[in-house]
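Shown next, in structure tokens, is the structure this report addresses.
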Amino acid sequence: MNTVALAFDLGGTELRGALVERSGDVIARVSAPTLAGAGSEAVIGQIITLADKLLKQHPQAKVVGIGMCAPGPLDPKAGIVIGPPTLAGWHNVPLIDILSRQFGLPVRLENDANAAALGEWRFGAGRGTGSLVFVTVSTGIGGGVVADGHIYHGRRGLAAEIGHMTITGEGDRCFCGAIGCFEAVASGTALGRQATRLTAPGDGSLLRRLAKDGDISARHVVEAARTGDATACRLVEAEARWLGIGFTNLLHLYSPNLIVMGGGLANGFDLLAPGIRATVEERAMQAYRDVPIVPAELGDRAGLVGAASLILWEGEPGTALAMVQNDETRSGAGGQDEPALAPRA
Ligand SMILES: [Zn+2]
């Protein structure tokens with residue numbers, strides 16, 4: 001039996017677990033609806049139950065550690081889930097401490113979008129590239145940046161919260177409280193909301209028929225656009241333009257070799273791509289226009305395999321993570337929080 005990692009992807013609606021090999025192959029998967037309203041102890045109980053199930057399926061598995069991803073904000077280095085809006089009762093939960101004590105194994109924690117970026121970079125659409133930006137567009141918009149061979153973390157691991165970059169001065173209020181966030185105008189939720197506003201129950205439109213006269217979702221818009229429905233096609237065009245504007249910002253900020261788009265709306269990537277491309281051509285400076293924008297390849301296992309790779313790839317000589325770790329070790333001794341320009345005593 002090969003060496004494997006236990007991997008968990010803690011979401012606001014679903015908790016997923018897997019056993020993952022070093023190749024990124026998932027040899028077992030389990031999931032449960034997250035007890036999101038029940039507080040951290042209940043959910044940690046679910047993690048333990050799922051781990052038992054996985055290990056029963058593969059009693060010979062040589063588990064070397066646990067890679068875990070959860071919604072931000074979280075501090076990957078300190079191993080603390082700070083307070084995700086989708087999970088009630090999680091305030092500064094020291095998840096790495098709790099799980100490593102429970103299982104007696106090394107545990108690594110990463111923001112879910114960063115873990116998915118790692119997964120796509122190591123095993124999916126971004127294999128072999130040095131820098132990429134991963135953007136997940138579904139209920140919200142999240143992202144992760146792999147820069148020069150490692151995840152870009154920033155202060156407290158909070159970097160690349162790209163859903164909340166301000167992209168316009170008007171429109172609906174974002175759940176974060178601000179107006180004009182990328183997420184507020186371009187998420188799947190925003191797309192569905194626009195479609196719902198443009199139509200009315202019982203108006204006979206294809207969009208409303210697909211939604212059985214209820215609220216329209218992004219999935220319905222993509223489905224209707226595939227049949228050539230004029231309203232849906234206009235909505236897809238507007239959506240592609242917002243995505244193109246956001247992606248142009250990301251190109252200018254990070255200069256990646258590749259932008260990878262995942263999340264539920266990636267199901268409509270083929271419909272969105274021409275509009276995204278046209279907007280980037282129009283708005284990005286010349287030197288950034290030829291960067292490929294591609295759909296994600298790993299679907300909902302990107303976070304799991306990315307989290308597992310934190311355990312399975314860690315410390316291998318010559319890997320980016322080994323380099324990051326060395327940096328951390330070095331700066332840990334010298335007080336990395338000192339201002340870079342502090343006068344020398
Ligand atoms: Zn926001």
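Order of appearance sets the numbers: ligands from 1, and atoms from 1 within every ligand.
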Distance-only donor-acceptor hits, side chain of residues 78-103, under 3.5 Å, sequence neighbours excluded:
residue, atom, partner, partner atom, Å
S100, OG, I96, O, 2.8
S100, OG, D97, O, 3.3

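- Of all protein N/O/S atoms, those lying under 2.8 Å from the Zn ion (ligand 1) come to 4.
- The distance from atom CD of E161 to atom CZ of F182, rounded to the nearest 0.5 Å, is 12.5 Å.
- Distance check: W242 CH2 to T279 OG1 gives 10.5 Å after rounding to the nearest 0.5 Å.
- In this structure, the side chain of E120 engages the main chain of A125 through a donor-acceptor pair within 3.5 Å.
- Ion pair D229/R209 not flagged as a salt bridge, since none of the NZ, NE, NH1 or NH2 atoms sits closer than 4.0 Å to an Asp/Glu carboxylate oxygen.
- Remark: R155 CZ is loosely packed, at most 12 non-hydrogen atoms of other residues, nucleotides or ligands lying under 6.0 Å away.
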